[in-house]
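Everything below concerns the one structure shown next.
Treat the numbers as computed from the prediction; the structure is a model and nothing was measured. Side chains included, hydrogens not; waters and symmetry mates left out as well; all remaining heavy atoms used.
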Amino acid sequence: GNDLGSLRPLISVIQSHLRQMQVCDDSDILRISTALQEALVNAIEHGNLDLSSALREDGGEAYTALGKQRRQEEPYASRAVEVLAKIDRSHITVVVRDEGAGFDPDGLPDPTDPANLQKVHGRGLMLIRTFMDEVSFNETANEITMVKRASQ
């Protein structure tokens with residue numbers, strides 16, 4: 001679904017499996033969790049609900065209001081996010097797919113450019129790319145695949 005409240009329990013389950021399988025240490029679990037949170041929020045807000053980050057520039061009220069509206073109207077309300085996590089002792093692979101139109105990952109503004117440093121959006125993919133060992137998108141970029149290798 002498109003409920004941000006459902007993200008924490010999902011991330012907690014993945015954290016638990018990572019700890020049980022001893023794939024990585026606590027600092028890497030935090031990094032993976034942050035990357036997963038960013039990917040899921042992007043999938044819901046920008047993918048399924050088709051919300052533009054530009055709406056956040058004036059305090060975010062328009063962004064929040066449109067998100068609330070779209071969670072109740074079609075086609076947005078019935079869109080879902082699919083998550084596939086594969087964990088073994090050598091790595092974790094997480095695939096997050098939304099039902100939106102996708103985007104151009106190369107067309108995003110550089111979050112490290114001084115002109116973009118004060119913006120309230122645009123850092124999610126930078127965090128994902130920083131915290132994960134491999135990041136790739138399908139052709140339309142409505143699916144992200146993230147890989148983190150074991151830290152031991």
Could you walk me through whether Val135 and Thr145 pass side chain to side chain contact (heavy atoms under 4.5 Å, CB included), step by step? CA-CA 6 Å; Val135 177; Thr145 301; over 6 Å; no
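Remark: Asp98 does not engage Arg79 in a salt bridge, criterion side-chain N to carboxylate O under 4.0 Å. In summary, Glu45 and Arg56 engage in a salt bridge, as defined by a charged side-chain N under 4.0 Å from a carboxylate O. The pair Glu143-Arg97 counts as a salt bridge, with a side-chain nitrogen and a carboxylate oxygen less than 4.0 angstrom apart. Salt-bridge annotation for Glu134 and Arg149: present, with a side-chain N of the basic residue lying under 4.0 Å from a carboxylate O of the acidic one. Asp3 and Arg71 are not joined by a salt bridge, as no carboxylate oxygen comes within less than 4.0 angstrom of a charged side-chain nitrogen.
The heavy-atom pair separating Ile144 from Ala39 by the smallest distance is CG2-CB, 4.1 Å. Gln72 approaches Ala77 most closely through the heavy-atom pair C-CB, 3.9 Å. Across Ile11 and Gln37, no two heavy atoms sit closer than the pair CD1-OE1, 3.2 Å.
Atoms CG and CG, on Asn42 and Asn48 in that order, are 11.5 Å from each other to the nearest 0.5 Å. Here Ile32 contributes atom CD1 and Leu18 contributes atom CG; the two are 5.0 Å apart, rounded to the nearest 0.5 Å. One finds the CG atom of Leu127 at 12.5 Å from the CE atom of Met132 (value rounded to the nearest 0.5 Å). For the atom pair CZ of Phe131 and CG of Leu30, the computed distance is 7.0 Å after rounding to the nearest 0.5 Å. Separating the CG atom in Leu4 from the CD1 atom in Ile44 is a distance of 5.0 Å, to the nearest 0.5 Å. Atom CZ of residue Arg31 and atom OG1 of residue Thr130 lie 10.5 Å apart, to the nearest 0.5 angstrom.
Contact annotation: the side chain of Phe137 never approaches that of Asp104 to less than 4.5 Å [non-hydrogen atoms, C-beta and beyond]. Within the 4.5 Å cutoff, the side chain of Asp28 has heavy atoms near those of the Lys148 side chain. Cys24 is not listed as a side-chain neighbour of His91, based on a closest heavy-atom distance of 4.5 Å or more. The closest side-chain heavy-atom distance from Gln15 to Arg19 is below 4.5 Å. Using a 4.5 Å heavy-atom threshold, the side chains of Leu36 and Met146 count as touching. You'll find the side chain of Arg70 reaches within 4.5 Å of the side chain of Asp50, heavy atoms only. Val81 places a side-chain heavy atom less than 4.5 Å from the side chain of Val96.
Hydrophobic clustering places Val41 together with Ile128 (ILVMFWY residues linked when any side-chain heavy atoms are closer than 4.5 Å, directly or through intermediates). In terms of hydrophobic clustering, with Ile, Leu, Val, Met, Phe, Trp and Tyr side chains grouped at heavy-atom distances under 4.5 Å, Leu40 and Val147 are assigned to different clusters. Note on Leu84: it does not cluster hydrophobically with Ile87, by side-chain heavy-atom contacts below 4.5 Å among ILVMFWY residues.
Side-chain contact, Tyr76 with Gln69: no donor N or O sits under 3.5 Å from an acceptor N or O. Side-chain contact annotation: Ser78 with Glu74, donor-acceptor N/O pair under 3.5 Å present.
Other residues, nucleotides and ligands contribute only 12 or fewer heavy atoms inside 6.0 Å of the CD atom of Glu139.
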